[in-house]
There are 4 protein chains.
Amino acid sequence: MAASLNQVVGGEGDDRRAQLVAAAFRRVAEAGFEGLRLRQVAEDVGIDHSTLHHHFATKQDLVEAVAAHTTRQFWGTSPQAPDPASALRAHLATLRQMIVEQPGLFVVTVELDLRARRDPAVAAAMERHESGWRERLVEILTGLVPDPAASAELVIAAVKGVRLLPDVAGRVLHQLGEHLIGDGRG
Amino acid sequence: MAASLNQVVGGEGDDRRAQLVAAAFRRVAEAGFEGLRLRQVAEDVGIDHSTLHHHFATKQDLVEAVAAHTTRQFWGTSPQAPDPASALRAHLATLRQMIVEQPGLFVVTVELDLRARRDPAVAAAMERHESGWRERLVEILTGLVPDPAASAELVIAAVKGVRLLPDVAGRVLHQLGEHLIGDGRG
Amino acid sequence: MAASLNQVVGGEGDDRRAQLVAAAFRRVAEAGFEGLRLRQVAEDVGIDHSTLHHHFATKQDLVEAVAAHTTRQFWGTSPQAPDPASALRAHLATLRQMIVEQPGLFVVTVELDLRARRDPAVAAAMERHESGWRERLVEILTGLVPDPAASAELVIAAVKGVRLLPDVAGRVLHQLGEHLIGDGRG
Amino acid sequence: MAASLNQVVGGEGDDRRAQLVAAAFRRVAEAGFEGLRLRQVAEDVGIDHSTLHHHFATKQDLVEAVAAHTTRQFWGTSPQAPDPASALRAHLATLRQMIVEQPGLFVVTVELDLRARRDPAVAAAMERHESGWRERLVEILTGLVPDPAASAELVIAAVKGVRLLPDVAGRVLHQLGEHLIGDGRG
DNA sequence: CATGAATGAGGGTTCATTCAT
DNA sequence: GATGAATGAACCCTCATTCAT
C-alpha cells in the first residue's frame, strides 16, 4: 500500500538508475566526460557514491547508459507529412528546435562522438543512432533530390556542424532545406 | 639574419616549447584533453616532467598553446583562383584534403570546440580562427551566391560536420559546392 | 531418528551454515584470509550476500567457524596399532597422505596459525587442536623414545614444516620416524 | 655542506626506499600482508602516502622489496667451525637465537611463504632463499649423516615448524641436532 | 634549464555491514 | 530466511604542482 502510494505520488523512487543516468547526462553536458565524477553524480541524486556502484558496477557502465539515454532522445515522435518537401522541412525544423531548446543534448552528442573514437561500446551506440537517422533521411529525400544518399549525408553533416550553435542553426538548416528542395525543381 | 641567429643562440628553448606543444597536440589527437597527461608529454619530448613547468607554468598554458598551434595550421597557403566558383572549389578541395591527410588536426579542433565552452582562452582562440575563416568564405562567396554570409555559415557547418569523417568528407563537400555554385546560376 | 528428523524439518538452515563454511574454507585455501570475500562465499553457495549475515552475523563469526571446521578434519579416525613403532609410522603415514591428498587443508592451517597471532578466538581453537595432537603423540611416543614430550614437539614441528610441501613430506616424515624409532633402540 | 652534514649527522635521509621497506616489513610482521596499508607505511616514515608511489610505483613493488629485504637478513655471517658436528650445532643455535630475538623476521617469512603461492615474484625470491639455505645445509651435513640431502630437508622442515614458536625452538632444534649427530655415530 | 622528492586533492572501486521490505 | 538498496570507511593509485638542489 505504502509502496504503491509512494510510486504513484512521488514517483521519485521510480528508478534510481534512470535518475543516475539523467544526473550523469547533465554533468557531461556541463563539464564533459573529462569532468564526469561519480561522486558528484551520486550526490546530485542524493545517495552515497558507493551506492552508485550498486546500480552501475563501473563508470564505463554508466557512460554506456548515458550514451543509450542520449541517442534515445532522438526521433521520439515522427511527424507525418503530406509531401517530401514538407517532411524535410519538418525534420529540419524539429532538429533546429531541439538544438535551441535542448543545447545540452547536442553537447553530449559531440562528447559521445569524440569518445566513440576510443570506446567501442559508445561507438556502437552512436553508429546505431546515426544509421537510423540516415535511413529516415533517405526515406524523406527519396523523390525529392537526385541522390538521396548523398544529400542525407549532407544534411547530417550540416546538423552536426551547427549542433553547438543554437544561434546559427535556424538559418543554416533553413538554407540547406531550401537548397535541397529547390534542387529537385531544377 | 635575426631569425637564424635566434635559432642558433637561444632558439633551443623555443624549440623545446614547440616540441612540447607538438607532443601535447599529438596526445590530444589520440586521447583527447581527457587523456592529456603532462608527464607523458614531457616523456615524449625526452625531458623530466618537472622541467615542463619551466616552459609552461601550468597545464592551462600548454592547452592554450595547443589551441594556438592548432588554429595556426589552417590557411597557411591561400591559392589564387580566376573566378569565385573555382575559388570555392579550391577551398573545399583543400579542406577535404586536410581532413583526409591530417585527421588528427580535426579531432583536436573538435576537442577545442568542446573545451571552448568552459575555457574562455580557448574560446577566444577558436572565435578568432573561425571569424578569419568566415571572412575568407564571404569573400569567396560574394558574387557567387545571393546571401554570402548565410552560405558561409552553411559551408562552415558542413565542414564541421564531416571533420571526423574522412570517408564522406569528399562527397559531402563536393555536393555542397555544386549546390552553391549551381544556385548562383538559377 | 532425531538426526534424520532434524535434517528433514529444520536441518536446511544448518546445511546452509555448513555449505557456507565449506565455501569459505575453499576460498581461504585458494586466496588466503586476505582474499576471503563474503560476497564470493555467498555466491558460491548460491545465496545473496545479505542472507549470509542471517547465518553468520559477522565475518569474524564465519572465520571462527572455518577454524573449527578445519581443526575438526584432523584425527577423525584413530588407527589401532600393535606396538608404538607401528603406531608412530601409521600416524606419520596418515599425515603424509593428508598433506598429499588435501593440500588445501594444510594451507588453511598455516593461514590460521598466522591469524591466531591477532585473533584470540582462532588462537584458542588452534591451541585446542594442537594440544590434542600433542597428547596423542606423547601417548604414541611413550615407551618408544626417552623424552616423549620433546619428541612430540619435534614431530609437530616437522609436520608443520612440510605442510605446504607435499613433494617432500613423505621423505621428511619417513626419515624422522626412523630416527625416532631407531633412537629408542640405541 | 648542509646536505653532507645532514647525511652524517642524522643519516635519516640515507635512503627513503630502505626506510619504507623497513616500515612495511614491520607492518607485515604485526598485521600480515592482509593488514599492510600503504598510507600507514608512508606515515610511519613521515611522508605523504602519495610520495610513497614516487619510490615504489605499486604496492606489489613494495611487497617484492620486502621479500628481498627479508631473505637478505639470513646468513649474513657464516661462522666457521672445526668439524661438521659443531657446524651443525652452530647453525641451529644461530637459527634458534634469531627465532627468539627476531620473531618478526620469521612471521614475515611465513607470510611470504603463503603469499608465494599466489605471487610469482615472491615465490622466486623465496625459492632462491631456500635453495641457498639448502645448499649450505648439505655442505654442513656431508660427512655427518648418510643422506645429507634428506637430512637437510628435515632440518628445514623442523626450523619452519618452530619459526613461530620461540619457546619450543630451542628444545626442538637441539634435539634434532643431537639426533642427526648421533645418527652418524651409529 | 634540469632534476627528483614531495605534496594534497581527488579519482574509481571494494567491502562488511545495516535495514526495510 | 531472503532480498536489494544503501552506507561509509578505506583502499590503491594518479596527477598537476611546488621546491630545494
Side-chain angles (χ1 to χ4, degrees), chain A residues 1-3 6 13 15-17 20 34-42 45-63, chain B residues 10 12-13 16-17 35-42 45-63, chain C residues 10 12-13 15-17 35-42 45-63, chain D residues 1-4 6 13 15-17 20 34-42 45-63:
Chain A
M1 277 289 196
N6 197 1
D15 206 10
R16 267 288 143 83
R17 276 182 67 97
L20 288 165
E34 189 181 353
L36 180 61
R37 301 288 174 257
L38 296 191
R39 275 173 164 83
Q40 281 189 344
V41 171
V45 170
I47 63 175
D48 192 273
H49 72 275
S50 64
T51 304
L52 186 149
H53 284 91
H54 187 68
H55 300 278
F56 295 96
T58 179
K59 187 180 189 179
Q60 175 66 14
D61 288 348
L62 179 60
V63 167
Chain B
E12 256 207 347
R16 270 287 148 82
R17 272 184 70 96
L36 180 61
R37 302 286 174 262
L38 295 191
R39 275 177 157 83
Q40 281 190 344
V41 170
V45 170
I47 62 173
D48 191 272
H49 70 276
S50 298
T51 307
L52 185 147
H53 283 87
H54 283 281
H55 301 279
F56 296 96
T58 180
K59 188 179 189 178
Q60 175 64 16
D61 290 348
L62 179 59
V63 167
Chain C
E12 256 208 347
D15 206 18
R16 270 287 149 80
R17 272 183 70 95
L36 179 62
R37 301 288 173 261
L38 295 190
R39 275 176 157 84
Q40 281 190 345
V41 171
V45 170
I47 63 173
D48 192 272
H49 70 276
S50 298
T51 307
L52 184 148
H53 285 279
H54 282 281
H55 301 279
F56 296 97
T58 179
K59 188 180 188 178
Q60 176 65 16
D61 291 348
L62 179 60
V63 167
Chain D
M1 278 291 195
S4 69
N6 197 3
D15 205 12
R16 266 289 143 80
R17 276 182 68 98
L20 288 166
E34 189 181 353
L36 180 61
R37 302 289 174 256
L38 296 191
R39 275 176 161 83
Q40 281 189 344
V41 171
V45 170
I47 62 175
D48 193 272
H49 73 272
S50 64
T51 305
L52 186 149
H53 284 92
H54 186 69
H55 300 278
F56 295 97
T58 180
K59 187 181 187 177
Q60 175 66 14
D61 289 348
L62 179 59
V63 167

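What you see is a predicted model; the values in this text were computed from it and never measured.
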Write down the distance between [atom1] ([X]) and [atom2] ([N]), rounded to a whole number of angstrom.
| X | N | atom1 | atom2 | answer |
| --- | --- | --- | --- | --- |
| D:Leu38 | F:dA9 | CG | C1' | 17 Å |
| D:Asp15 | E:dG4 | CG | C1' | 13 Å |
| D:Leu52 | F:dC11 | CG | C1' | 14 Å |
| C:His53 | F:dA6 | NE2 | P | 18 Å |
| C:Gln40 | E:dT14 | CD | C1' | 12 Å |
| B:Arg16 | E:dA2 | CZ | C1' | 10 Å |
| A:Ile47 | E:dT13 | CD1 | P | 14 Å |
| C:Asp48 | E:dA16 | CG | C1' | 13 Å |

**Item:** For A:His55, all residues meeting side chain to side chain contact (heavy atoms under 4.5 Å, CB included), sequence neighbours excluded
**Value:**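 In terms of side chain to side chain contact (heavy atoms under 4.5 Å, CB included), with neighbours along the sequence ignored, A:His55 is linked to A:Arg16, A:Arg17, A:Leu20, A:Thr51.
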
**Message:** Within the 4.0 Å heavy-atom criterion, would you say C:Leu36 contacts the bases, only the backbone, or no part of the nucleic acid?
**Reply:** sugar-phosphate

**Request:** Residues of residues 55-63 of chain A with any non-hydrogen atom less than 4.0 angstrom from an atom of DNA chain E: list those, numerically ordered, please.
**Result:**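 Within this stretch, A:Thr58, A:Lys59 sit under 4.0 Å of the strand.
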
**Message:** Does E:dA5 have OP1 or OP2 under 4.0 Å away from a side-chain N or O of D:Thr51?
**Reply:**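 Looking at the OP1 and OP2 atoms of E:dA5, neither is under 4.0 Å from any side-chain N or O of D:Thr51.
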
**Item:** Straight-line distance of B:Ser50 OG to B:Arg39 CZ, nearest 0.5 Å
**Value:**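 The OG atom of B:Ser50 sits 7.5 Å away from the CZ atom of B:Arg39.
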
Testing the basics here: between [X] and [Y], what is the closest heavy-atom pair and its distance to 0.1 Å?
| X | Y | value |
| --- | --- | --- |
| D:Leu52 | D:Val41 | CD1-CG1, 3.9 Å |
| C:Asp48 | C:Ala42 | O-CB, 3.7 Å |
| D:Leu38 | D:Leu62 | CD2-CD2, 3.6 Å |
| B:His53 | B:His49 | ND1-O, 3.6 Å |

**Request:** Using heavy atoms to find the nearest nucleotide of DNA chain E for B:Ser50 and A:Arg37 separately, return the residue whose nucleotide is more 5′.
**Result:**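 Going by which nucleotide is closer to the 5' end, it is B:Ser50.
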
**Asked** With nearest nucleotides of DNA chain E determined for B:His54 and C:His54 from heavy-atom distances, which residue corresponds to the more 5′ nucleotide?
**Response**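 Closer to the 5' end of DNA chain E: B:His54.
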
**Asked** Looking at E:dT13, does its base get a donor-acceptor pair with the side chain of A:His49 below 3.5 Å?
**Response** yes

**Message:** Taking donor-acceptor contacts at under 3.5 Å, does the side chain of A:Arg39 reach the base of E:dG10?
**Reply:**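 It does not, because no donor-acceptor pair links the side chain of A:Arg39 to the base of E:dG10 below 3.5 Å.
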
**Message:** Are there runs of at least three consecutive Watson-Crick or G-U pairs touching DNA chain E, with each pair's two distances under 3.5 angstrom? Give them by first number.
**Reply:** E:2-21 with F:2-21

